[in-house]
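Below is one structure, written out as structure tokens, with a few remarks after it.
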Amino acid sequence: MTGVIRWDSDKECKLSKIDPSEDGGLTEESAKIKLAELSAELTELQELMYAAGANSVLTVFQGMDTGGKDGVIRDVMKALNPAGCSVTSFKVPSALEVQHDFLWRIHAAAPQKGRFGVFNRSHYEDVLVVRVHDIVPKAVCKKRYQHINNFEDLLVDSGVIILKFFLYISKDEQKTRLLKREEEPNKSWKLSVADWKERELWDTYMKTYEDVISNTSTKDAPWLIVPANHKWYRDYIVSKAIVEAIKPYKGAWKKKLVAQGDIMKRELEEAHVHEGGNGKKSDPNGKEAKKAGKANQEELDQKSVD
Ligand code: AMP
Ligand code: MG
């Protein structure tokens, strides 16, 4: 896939090899046209997945402040029917959450069958921010990699399609975005001193991201590194990755729906018989059954007159 780097489990991640300004040779206009096509496909796929109820999707979004997590959720996920979708934003763990293992709150938010789950930050904060700030010892974080891999393996075995996105922006782009927020009154709610403080730890964050990606990208739960300096390219790449990951399941979902439909039609036929109809297949709207019901009623009415 152009632009997005699907990280192989056996390779060491080196972010310096990736250009966060990459645009895949696209223009903003052409990327937006492609996104619209992908969005239509995503809408259709989500409906099928919901109806089939065999799988679910979990998309995890990680990135530095201003990296575009909120933006991509807004721009790409608007293709989804909200009724089949849940977005969970993970903040500093609450007093109750810290009393549990780090995956407790994450597992509770995992999508049920047929649903689309979106994580804005995730269990990866438990091997990123806590390590950068030395809140949790390195050895404990290393062990968490294994817990994360086992946990995601369990989800995959339960029918969850997992995609983990690292929205990769440059340090310069972050500065531009932070300063721009200060100029826009509607963005004031996003202003935070902490963002500037975290920025000072940029290099440590990048190194930690590399370590995390190298240790937790697996065949069935891969990390995808998204060049995210261009918002329109980021949106296109994320949408494309999701559609490509889900599409192979389309045939199986359709098959399940046809089989389910056959069972339901047989049940309906039987139900029509009990209602007094003749149970014919050629009576999809129950007209014959209704007619038969009416005749029965007329017969009863006649008897009561007699
Ligand atoms: P935001 O996404 O900008 O609303 O910020 C959420 C904050 O919560 C970020 O600073 C995260 O680093 C922090 N956070 C999320 N999960 C954890 C965690 N497990 N441990 C510590 N901090 C976390
Ligand atoms: Mg923030």
Side-chain angles (χ1 to χ4, degrees), residues 15 58-77 86-110 117-152 155 162 164-169 171 173-182 184 186-213 215-216 221 223 226 228 231 234-235 238:
L15 290 171
L58 175 60
T59 50
V60 171
F61 291 98
Q62 286 287 156
M64 297 297 282
D65 293 304
T66 77
K69 298 183 292 294
D70 295 333
V72 87
I73 291 169
R74 184 191 58 232
D75 299 342
V76 175
M77 301 308 174
S86 67
V87 182
T88 314
S89 298
F90 291 97
K91 309 283 180 185
V92 176
S94 69
L96 173 66
E97 285 166 349
V98 286
Q99 299 296 317
H100 290 270
D101 69 83
F102 77 103
L103 290 171
W104 181 71
R105 64 174 183 165
I106 309 293
H107 206 164
V118 180
F119 283 0
N120 185 343
R121 301 191 191 267
S122 63
H123 42 307
Y124 285 99
E125 292 294 323
D126 294 285
V127 284
L128 280 159
V129 64
V130 296
R131 182 146 157 217
V132 169
H133 288 276
D134 236 349
I135 299 167
V136 172
K138 196 174 168 181
V140 174
C141 281
K142 287 264 174 209
K143 205 159 177 219
R144 284 185 177 180
Y145 289 156
Q146 201 52 50
H147 292 310
I148 288 174
N149 290 338
N150 289 339
F151 166 63
E152 291 179 356
L155 295 186
I162 304 180
K164 303 175 295 200
F165 294 99
F166 171 50
L167 306 179
Y168 182 40
I169 55 163
K171 199 175 175 189
E173 178 64 19
Q174 190 197 43
K175 190 175 180 183
T176 308
R177 290 184 187 186
L178 284 172
L179 290 172
K180 198 159 171 241
R181 271 183 189 176
E182 291 178 20
E184 294 175 23
N186 292 350
K187 291 275 170 79
S188 65
W189 64 280
K190 283 195 162 191
L191 296 179
S192 150
V193 178
D195 289 353
W196 288 96
K197 286 218 178 327
E198 289 304 282
R199 183 177 157 75
E200 288 170 17
L201 298 163
W202 186 274
D203 292 344
T204 316
Y205 264 110
M206 290 307 113
K207 270 203 171 62
T208 313
Y209 262 110
E210 285 178 338
D211 199 51
V212 167
I213 293 168
N215 283 283
T216 59
W223 270 105
V226 182
K231 294 174 182 175
R234 169 202 76 197
D235 291 347
V238 168

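Whatever order the structure lists them in is the order used to number ligands and atoms, beginning at 1. Every heavy atom of this structure was used, including side-chain atoms; hydrogens, water molecules and symmetry mates were not. All residue numbers in this chain count up from 1 along the given sequence. This is a predicted model, so every value here is computed, not measured.
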Item to check | Asp126 N/O under 3.5 Å from ligand 1 N/O | outcome: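 Looking only at distances, the answer is yes, because the N/O contact criterion of under 3.5 Å is met.
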Checklist entry - Any idea which of Lys91, Gln62, Arg121, Met64 brings a heavy atom closest to atom 3 (O) of ligand 1? => result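 Nearest option to atom 3 (O) of ligand 1, by heavy atoms: Arg121.
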Item to check | Lys/Arg cation over aromatic Phe90: Arg105, 6.0 Å, 45° cone | outcome: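 Here Arg105 fails the 6.0 Å and 45° test against Phe90.
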Which atoms of ligand 1 sit under 4.0 Å from any heavy atom of [X]?
X: Arg105; answer: 16 (N), 17 (C), 18 (C), 19 (N)
X: Pro93; answer: 17 (C), 18 (C), 19 (N), 20 (N), 21 (C)
X: Val92; answer: 8 (O), 13 (C), 14 (N), 15 (C), 22 (N), 23 (C)

Checklist entry - Nearest heavy-atom pair of Val92 and Glu97: which atoms, and what distance? => result O-OE1, 4.5 Å
Checklist outcome for this item: Which of Phe165, Trp223, Tyr124 passes ring pair (Phe, Tyr, Trp, His ring centres under 6.0 Å) with Phe61? It is Phe165
Next on the checklist: Can you tell me if Lys180 has over 12 outside heavy atoms packed within less than 6.0 Å of its NZ?
Outcome noted: no
Next on the checklist: Around atom NZ of Lys171, are there more than 12 heavy atoms from other residues, nucleotides or ligands closer than 6.0 Å?
Outcome noted: yes
Item to check | Location of contacts on Glu97 toward ligand 1, heavy atoms closer than 4.0 Å | outcome: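 It is neither; nothing of Glu97 touches ligand 1.
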